[in-house]
Undergrad: 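Take this structure first; my questions come after.
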Amino acid sequence: EVRLVESGGGLVQAGGSLKLSCAASGFTHDDYIIAWLRQAPGKEREAVVCVSNSDNSTYYPDSVKGRFTVSSDNAKNTVYLQMDSLEPEDTANYYCAATWGRTVFGALVGPAGMEYWGKGTLVTVSS
């Protein structure tokens, strides 16, 4: 069973940084995609990054390009989301999610494309 556990959320001032972690386990083969998605109050859930475990392809929406960076530590089976230059608009619950696939190109990277979900971690950015 695939299991995803997020950590690292908290309160940060605008302009600051925060690093989220997603401990992943239970994958039965290496062709999977990990995504970070967020949901702000009153808004739809949206992807902020996707990364393929197979070819390391990545997807970032324009709203976070240049500010958010995904990385991974395969030895720890952990995927990280480094968030810099945070804005109050980044305040949301951040979820780690996963689906099967070799590459993010052509993949359904939004919430509907994800099969497995963590419980989320709250990020609050104060102005």
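This structure is a prediction, so every number in the text was calculated from the model and none was measured.
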Undergrad: Parallel, tilted or perpendicular: which describes the rings of Trp100 and Tyr32, with under 30° parallel and over 60° perpendicular?
TA: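 The arrangement is perpendicular - the two ring planes meet at more than 60°.
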Undergrad: Decide yes or no for Ser25 and Asn77: does some side-chain heavy atom of the first lie under 4.5 Å from some side-chain heavy atom of the second?
TA: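 They are not in side-chain contact.
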Undergrad: For Ser85, check side-chain contact (heavy atoms from CB on, under 4.5 Å) against everything at least two apart and list the hits.
TA: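 Listed in chain order: Arg67.
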Undergrad: Indicate if Val70 and Leu37 have the same hydrophobic cluster label, given that clusters are the connected sets of ILVMFWY residues with side-chain heavy-atom separations under 4.5 angstrom.
TA: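 No; tracing contacts between hydrophobic side chains, which count when under 4.5 Å, never links both residues.
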Undergrad: Say whether Tyr80 and Val64 are linked into one hydrophobic cluster, either directly or through other cluster members, by side-chain heavy-atom distances under 4.5 angstrom.
TA: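 Different clusters.
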Undergrad: Below 4.5 Å, heavy atoms only, C-beta onward: do Met83 and Asp90 meet side chain to side chain?
TA: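 A side-chain contact is absent here, since even the closest heavy-atom pair is not under 4.5 Å.
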Undergrad: Is it true that Val49 and Met114 fall in one hydrophobic cluster, defined by side-chain heavy atoms closer than 4.5 Å?
TA: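 Hydrophobic grouping puts Val49 apart from Met114.
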Undergrad: In the structure I gave you, are the side-chain heavy atoms of Cys96 and Trp36 within less than 4.5 Å of one another anywhere?
TA: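 Yes, close enough: below the 4.5 Å cut-off.
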Undergrad: What I want to find out is whether Lys119 reaches Glu6 closely enough, with some N-O distance under 4.0 Å, to be called a salt bridge.
TA: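 Looking at Glu6 together with Lys119, the answer is no, because their closest N to O distance does not fall below 4.0 Å.
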Undergrad: Taking the side chain as everything from C-beta on, heavy atoms only, tell me whether Val104 gets closer than 4.5 Å to Asp55.
TA: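 Contact flag for Val104/Asp55 side chains = no.
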Undergrad: Looking at side-chain heavy atoms only, is the closest gap between Tyr95 and Pro111 below 4.5 Å?
TA: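 Sidechains of Pro111 and Tyr95: no contact.
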Undergrad: Is there a path of hydrophobic side-chain contacts, each under 4.5 Å between heavy atoms of I, L, V, M, F, W or Y residues, that connects Val79 with Val48?
TA: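 Same hydrophobic cluster.
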Undergrad: Heavy atoms, side chains only, cut-off 4.5 Å: are Ile34 and Leu4 in contact?
TA: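 In short, these two side chains touch, coming nearer than 4.5 Å.
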